[in-house]
Structure formats: C-alpha cells, structure tokens
Amino acid sequence: MARVGVLTSGGDCPGLNAVIRALVRRGERHWGDELIGFHDGWVGVIEGRHQPLDVEVMRGFLTRGGTMLGTSRVHPWLTEDGAERARATLAEVDVDALVVIGGEGSLAIAYRAQVEGLVPVVGVPKTIDNDIPCTDQTFGFDTAVSVATEAIDRLHTTAESHDRVMVVEVMGRHVGHIATWAGIAGGATVTLVPEHPFEIEAVAEIVRRRHERGRFASIVVVAEGARPAPGSLEFPEPEVDRFGHKRLGGIGSAVAVEIERRTGYETRVTVLGHVQRGGSPTAYDRVLSSRYGTAAIDAVHEGGLGDMVALKGGLISRVPLADVVGRIKPVHEQVWDTANSLFEAPLGQF
Ligand code: F6P
C-alpha cells in the first residue's frame, strides 16, 4: 500500500484520462493504494490543490479527451519559491511517489524532481507529437494521425472538384511523425517535416509535374515545425511564450502562397491545430493509455522509481528517465523512406 500522487503536465492529449483511470483502478484494487490527483500540473503541487481519486471518481473517463485534473506548463524551478512550496505540499500530503504524465518538458521536470529529492517519480510518455525517445509510441499520437488522415481524405474530394492544391498544416513542433504518418495514410503528394528542411522550388516542381501529367488535387502536408532550407523561402522565427514555448503556426500559409505564386495553381490552406488534440482517443490509444497507466503504478511498487514506462516491440517495459530527457525522437529513416517513395516524386530529386 502506498500514497501515490498523479499529475498531468504540458499540452493536453487524448488518453490522459484513460491513463489516470487505469492507474487508479490498478492501484486501488491490486496494490491497495491511495491515489491523489494534483490539479493543473505542477501548479497543484506548488499551491496545494489536489483531490482524492478512486474507482468511483474515475467512472466514465476512459473515453473522454482532455484531462480531468487540468494541466499547465508551470515549472516549479521557474516559479518563485516553486520548488520549496512543492516540497512542502508533497510532505504535507505525504505521497510516497508521484506519477507524472507529460511530454519532453514535463518529463525533464519529473527527472529533476527525482534527482533533487523532491519526490520519487514515474514518468508516462504523453504527446500527440510522438517525439519522446526510448518508446516506440506515445499515447495520443494514433488519435492525432486518425484526425489528420480523415481531414486529408475530406480535402481530397474538394481539391479534385476544383483542381486545387491543398496545403494541410498539422502539429509536430520538433519532428514530423504526425505529418509523415498522415501523409502516408492520406496519400499526400508531398510531406514537409522539421527533420528535412525543404526547397520550396522542389515542392512547386512536384506539384507542377503532377498537374502537367493531367493529375490534379495535390495534397501537401506540412508539419508546423517544418522549415525551408536556407535561401529557399523567408520565414520569420516564431514568438516565444512566458514558458519559453515557441508559438508555432503559419508555415502552411507561407508554403501555400508560394506554391500558388510559382505554379499558378489555385492553392488553399487548412490548419488542423488543436482539433488533433481534442476529443475522444481512438481504441488503440485507449488501450495504450490503459497499459501505460497500469505499468506506471506497478513501477511504483516494483523498483521503477526514476523510470518512464515505455512501449518496446509491442510490450510495455521501463527505461530510466535519465536516458529520455534532453532528447527528441525523429521520424525513423525507414518510415521516411517509405513516405518518400510514395510521394509524387522524392523530395530530394530536384
Ligand atoms: O503537445 C505538443 C503540441 O501539440 C505541439 O505539436 C504544438 O506545437 C503544441 O502542442 C501547441 O500547444 P499549445 O497551443 O497548447 O501551446
């Protein structure tokens, strides 16, 4: 039996509630634990805002998007007296361990909390962007790819009717997992990702050649973090918010304007934005989140403090947070090669 805290931190993500539900069920029924949910990420720990969680409280949350605990990007070490206040709350609430469900930034904070003796932690890899290393997949990614793919399917028919180029901007700040997967699934003409700076003229040429061959309805998928190669297209650096988080967006419009200018084909842009993050998780994400949740509470009892739960070759395992933090997982070359060979022409060809 243990007293285990849980918080959700960073951008929300489909499956957060399913993770919390699973760890509460497993914790209460299997380990006899008491679960405490902190509100709004680290804010709840700093300000002492929390609630008891049990099986009854969590009923109905498996299928719900968002997070019933609330979330924020607040960082205890970047908040005045934040770490001391967090330490005081954790002592008062008397938690034996804290499960942190978060992305790269939140897992780095969790690791620091562990190293500095604030509280023993277990991390759960969350983000629609799928950019956390040491795990095959984060929960939320499958849902985001499904939403983006459905949008591309819909854009195909309207693009065909008007003989237009459709640019679809999807999320993916550091790397282009959503863009690559949705690009493959939706049969994109070309996909632009942060890992590979693009030549705008190469993109225009691919669209031009396709239309000249009598094909129309080109779909160009652009990850929000994709950037032109130096000298290819001017694009301003985004603003940074008070958490040091870049406000991305706008690359899709810049690409669309330039394609139309260079090819003469009418071009429209759709920015999917937070639609990819909201709403109910897919069946796959409900299962993955449930597996992560049960594994996280097991980790608390089975020597996994300081670890992150991970998916490896279809099975759940654990990796030290020390191996995870400070790194980003790019799209694997094998997947990128597959995408590239299905595009109208490989991007590097021109
Ligand atoms: O969770 C990651 C992410 O989805 C990024 O792809 C995106 O840039 C970011 O969140 C946007 O988050 P927010 O609008 O909440 O700052």
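The structure presented is a predicted model; accordingly, all values stated were derived computationally and were not measured. Start at 1 and go down the list; that is how both ligands and their atoms are numbered.
- Contact annotation: G103 has no heavy atom less than 4.0 Å from any atom of ligand 1.
- V309 and V324 fall into different hydrophobic clusters, where Ile, Leu, Val, Met, Phe, Trp and Tyr side chains are chained together by heavy-atom contacts under 4.5 Å.
- V222 places none of its side-chain heavy atoms less than 4.5 Å from the side chain of V170.
- Closest to atom 16 (O) of ligand 1 among all protein heavy atoms lies R73 NH1, 3.0 Å.
- Residue R277 has at least one heavy-atom neighbour below 4.0 Å for each of these atoms of ligand 1: 1 (O), 3 (C), 4 (O), 9 (C), 10 (O), 11 (C), 12 (O), 13 (P), 15 (O).
- Of the listed residues (R327, H174, K329), just one forms a side-chain hydrogen bond (donor to acceptor under 3.5 Å, both in side chains) with E104, and that residue is H174.
- Both M68 and V124 are members of a single hydrophobic cluster when ILVMFWY side chains are connected at heavy-atom separations under 4.5 Å.
- Ranking the protein heavy atoms by distance from atom 14 (O) of ligand 1 puts H274 NE2, 2.7 Å first.
- The heavy atom nearest to atom 8 (O) of ligand 1, out of those in E224, K126, H177, M171, is found in E224.
- Closest heavy-atom approach to atom 2 (C) of ligand 1 within the set D131, D129, L248: this belongs to D129.
- For ligand 1, the atoms closer than 4.0 angstrom to any heavy atom of G172 are 6 (O).
- Looking at T143 and D285, their side chains do bring a donor and an acceptor atom within 3.5 Å of each other.
- Residue contacts with ligand 1 for I128 involve side-chain atoms from C-beta outward but no N, CA, C or O (heavy atoms, distance under 4.0 Å).
- Taken from CG in N130 to CH2 in W181, the straight-line distance is 7.5 Å, to the nearest 0.5 Å.
- Under a hydrophobic-cluster definition in which Ile, Leu, Val, Met, Phe, Trp and Tyr are linked whenever side-chain heavy atoms come within less than 4.5 Å, directly or via other members, F139 and V319 are assigned to different clusters.
- No part of R247 comes within 4.0 Å of ligand 1, judged by heavy-atom distances.
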